[in-house]
Every structure is written in C-alpha cells, then in structure tokens.
Amino acid sequence: MVDQHVLGRMRRQHGLISRSQALDEGMTGRQIERLVRSGVWEREASGVYRHEAVPSTVRSRLLALCMAHGAVASHRSAAALHPIEGYRLDRVEVVVPPGRARGIRGARRYESSQMDLFKPVERDGILCTPVGRTVLDLAAIVDRRQLDRTVDAVLRDGQLRLSDLYGVLASHARRGRRGCDALRASLEDRFDDNAVPLSDWSRMVADLLVDAGLEYPALEHRVRRADGGFVAQVDLAFPSHRVAIELDSARWHDNRESFVRDRRRRNEITLAGWTVLNFTWSDYTDHPAALCEVVAKALATSEANFCR
C-alpha cells in the first residue's frame with residue numbers, strides 16, 4: 001500500500017517520484033525496492049520511479065531526466081512547454097552544467113557554462129529555460145526561417161519585448177557562444193536602435209550593468225552645478241560617483257545642429273565635475289562586456305579620486 005502523500009506527489013509530477021522524495025515522505029529503502037520488484041513502480045530514470053498506472057510519456061521522460069540529473073528542459077522541449085508557436089513536445093532536450101552530461105540517456109543533451117545567467121521557470125511541473133534564453137538556444141540549432149518565425153511568435157504573443165531579446169543577447173554574448181550571431185542577425189534585419197525607445201534602451205543598459213555586478217544606475221538623472229543650477233539631463237548616472245552615461249542613437253544625433261549641441265552639453269557636464277561616458281547601440285549589442293568594463297573603471301577611478 002503506497003502512502004497517500006506519496007501518491008499525491010506522484011500525481012503532481014506526471015506519475016513520478018524520486019527516491020529522495022519518497023524517503024522524505026517517510027518511506028524506507030526496503031519499501032521502495034519492494035514496489036519496484038512487484039512492478040508497481042517502474043524506473044523512469046536513475047533514482048526516479050513512475051507508477052505503473054501512469055503511462056510513460058515525453059513529459060514524464062523529460063521530467064524524470066531533469067529530476068535525476070539536475071537538468072533543465074531546454075531548446076525545442078522548453079519551446080513546447082512555454083508554449084512557443086511552431087513547437088511540439090515530441091523530443092527530450094535538456095541543458096546541464098559542464099561535465100554532467102555523461103550518463104544521461106534518452107535525451108539530446110547540451111552543456112552550458114552560462115546556466116548562472118538565467119533562473120529556471122516551471123511549466124507544467126517541469127523546470128525549463130526562460131523564454132529569452134530558450135530563443136537564444138534555438139538560434140543555435142534551427143535554420144534562419146524557423147528562427148525568424150520563433151522571434152515573431154514570442155513578440156506577437158507578448159511573451160517577450162524586443163528589449164528583452166536584446167537584453168538576453170547582450171548578457172550572453174561572448175566569443176564562440178553559439179546562437180548569438182544568428183539571433184543578432186535575425187533582430188537587426190528587422191530592427192535597429194531606431195526601433196527601440198530610448199527609455200527602453202536605458203533600462204537595457206542598466207540591467208546589463210547590474211548583471212555585471214554594478215549598482216543600478218539612476219535613469220534620466222538631472223545634473224546640477226554646485227549652486228543648484230540645472231546643467232543637463234543624462235540617460236543614466238551614478239550620482240555619488242559623478243559618472244554620467246549618454247546613449248548615442250542615430251535617431252537623435254543625425255544632423256549638424258544636434259552634433260554641435262551635444263558637444264556643448266558634454267562640456268557643460270564635464271565642467272560641473274562629472275565624467276561623461278558615451279556608448280552606441282553597437283557597444284551594447286556587440287561589445288557588452290567592454291561597455292561594462294569601461295563603466296566599472298570609471299566608477300573605480302572616481303572612488304579613488306574621492307579617497308585622496
């Protein structure tokens with residue numbers, strides 16, 4: 001006779017339970033082995049059992065492997081779970097940290113050194129990669145036509161905003177990271193910095209800096225002189241360090257008048273005792289690590305100057 005608490009947990013987990021969960025519910029190792037020998041429980045994965053009354057499905061196999069190996073449903077499996085239009089749960093694909101792929105049978109396995117860059121989300125009782133990371137993973141394995149349809153689907157369904165996609169791209173960008181080039185090309189063929197409101201871009205850069213370990217900057221900060229007089233409003237700022245960040249977009253800086261005005265404005269901010277850093281859309285999308293490094297150095301320099 002199986003305890004009702006155990007059965008309740010199995011019902012919530014597509015008929016599955018792990019050995020550790022069963023022990024936590026008060027069962028003994030001998031009871032577990034007796035259920036397995038009698039055929040009431042069947043091994044679905046290492047240390048994970050399925051009740052005989054529940055048929056094995058793609059979902060149960062996917063969840064069992066995630067439970068057994070600390071894996072996360074990813075790629076096309078995650079796309080189907082979210083769900084993203086155009087994907088069905090007809091295969092088992094999981095992502096694991098480096099070195100954990102050995103011994104995982106019955107699935108397509110991916111190793112990733114960037115699992116710390118996302119927080120798994122639960123869909124239908126299964127932990128999977130969030131939508132943005134899923135789109136980036138798909139960009140590494142599907143063709144361009146399907147990738148374009150995938151991007152269209154998540155934007156149309158409201159699962160992501162354009163700024164979210166660019167944010168995922170920037171936070172994961174590194175040399176050799178599969179999928180980044182394909183996703184960037186898909187976005188840039190239809191969108192550029194003119195498609196992203198300046199306020200959204202400011203938040204995207206702010207999020208990038210926080211992900212790099214820096215404090216969250218003030219948005220649309222008003223710089224003032226020592227006497228309180230207004231100097232200028234900057235896109236982002238670290239007021240305690242007197243470091244300002246200006247985002248240069250072709251939309252706002254495409255004529256001689258704005259070019260001259262921006263230089264005069266920069267001089268006024270500098271004379272007010274601030275360090276002004278300027279970044280372009282290319283800095284954000286193509287060189288995010290370098291952008292963060294420049295800001296970090298500016299903050300460190302400012303702090304060193306204050307300590308003198």
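This is a predicted model, so every value here is computed, not measured. FYI, the numbering just counts along the sequence from 1.
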TODO: Side-chain contact test, heavy atoms from C-beta onward, threshold under 4.5 Å: evaluate it for V151 versus L183 and give yes or no.
DONE: yes
Open item on the list: Under a 3.5 Å threshold, yes or no: a donor from one side chain and an acceptor from the other, between T280 and S282?
Closed with: no
TODO: State whether the side chain of D164 and the backbone N or O of R161 hold a donor-acceptor pair below 3.5 Å, judged by distance alone.
DONE: yes
Open item on the list: For E25, is there an ion pair with R9 - N to carboxylate O distance below 4.0 angstrom?
Closed with: yes
Task: Presence of salt bridge, D152 and R149, under 4.0 angstrom - done: no
Task: ILVMFWY network linking V210 to L219, side-chain heavy atoms under 4.5 angstrom - done: yes
Task: side-chain contact (heavy atoms from CB on, under 4.5 Å) between W41 and V6, intermediate numbers included - done: CA-CA 12 Å; W41 283 8; V6 173; 3.7 Å; yes
TODO: Taking all non-hydrogen atoms of both residues into account, name the closest pair between G29 and L23 and its distance.
DONE: N-CD2, 3.9 Å
Open item on the list: Taking the side chain as everything from C-beta on, heavy atoms only, tell me whether L117 gets closer than 4.5 Å to D211.
Closed with: no
Task: Value rounded to 0.5 Å, distance of CG in L277 from CZ in R266 - done: 7.5 Å
Task: Hydrophobic cluster identity match, M204 and V295, side-chain contacts under 4.5 Å - done: yes
- [ ] Give a yes or no answer on whether the side chain of R184 reaches the backbone of L169 with a donor-acceptor pair at less than 3.5 Å.
- [x] no
Open item on the list: I'd like to check H221 versus P239 (side-chain heavy atoms, cut-off strictly below 4.5 Å). Are they in contact?
Closed with: yes
Open item on the list: Are the side chains of L136 and F118 in contact, using a 4.5 Å heavy-atom criterion?
Closed with: no
Open item on the list: Set out, in order, the CA-CA distance, both residues' side-chain angles and the distance that settles salt bridge (Lys or Arg N to Asp or Glu O under 4.0 Å) for R177 and D137, then state yes or no.
Closed with: CA-CA 10 Å; R177 205 301 179 187; D137 287 339; 3.2 Å; yes
Task: Side chain E85, main chain A153, donor-acceptor under 3.5 Å - done: no
Task: Within-4.5 Å side-chain heavy-atom neighbours: V234 and I245 - done: no
TODO: Assign the ring pair Y166 / W281 to parallel, tilted or perpendicular, where the plane angle (0 to 90°) is split at 30° and 60°.
DONE: perpendicular
Task: R224 atom CZ: more than 12 heavy-atom contacts under 6.0 Å - done: yes
Task: Main-chain N/O of S56 paired with S60 side-chain donor or acceptor, under 3.5 Å - done: no
Open item on the list: Under 4.5 Å between side-chain heavy atoms, counting indirect links through other Ile/Leu/Val/Met/Phe/Trp/Tyr residues: same cluster for V131 and L127 or not?
Closed with: no
- [ ] Ignoring hydrogens and angles, tell me if any N or O in the side chain of H82 forms a donor-acceptor pair with the backbone of I84 under 3.5 Å.
- [x] no
Open item on the list: Is it the case that the side chain of S77 and the backbone of R91 share a donor-acceptor pair, with hydrogens and angles ignored and the cut-off at 3.5 Å?
Closed with: yes
- [ ] Treating Ile, Leu, Val, Met, Phe, Trp and Tyr as nodes and any side-chain heavy-atom pair under 4.5 angstrom as an edge, say whether V36 and V54 lie in one connected cluster.
- [x] no
Open item on the list: Check this for me, if you would: do E268 and R264 make a salt bridge, where the nitrogen-to-carboxylate-oxygen distance has to be below 4.0 angstrom?
Closed with: no
TODO: Output yes when E44 and R19 qualify as a salt bridge under the 4.0 Å nitrogen-oxygen rule, no when they do not.
DONE: no
Task: side-chain contact (heavy atoms from CB on, under 4.5 Å) between W201 and D235, worked out - done: CA-CA 9 Å; W201 187 14; D235 297 324; over 6 Å; no
Open item on the list: For A182, is there any backbone N or O sitting under 3.5 Å from a side-chain donor or acceptor partner on S186?
Closed with: no
- [ ] Without swapping roles, check the side chain of D227 against the backbone of G229 for a donor-acceptor pair under 3.5 Å.
- [x] yes
- [ ] Check whether any side-chain N or O of R242 sits under 3.5 Å from a backbone N or O of A272 as a donor-acceptor pair, and report yes or no.
- [x] yes
Open item on the list: Please tell me whether T129 and T134 have a donor and an acceptor in their side chains that are separated by less than 3.5 angstrom.
Closed with: yes
Task: Minimum heavy-atom distance P130-V121, with the two atoms named - done: CA-CG2, 4.0 Å
Open item on the list: Quick one: does any side-chain atom of H172 pair with a main-chain N or O of V168 as donor and acceptor, under 3.5 Å?
Closed with: yes
Open item on the list: Just by distance, no angles: are the side chains of N267 and T270 close enough, under 3.5 Å, to form a donor-acceptor pair?
Closed with: no
Task: Partner of D148 by side chain to side chain donor-acceptor pair (under 3.5 Å), out of Q146, R145, R144 - done: R144
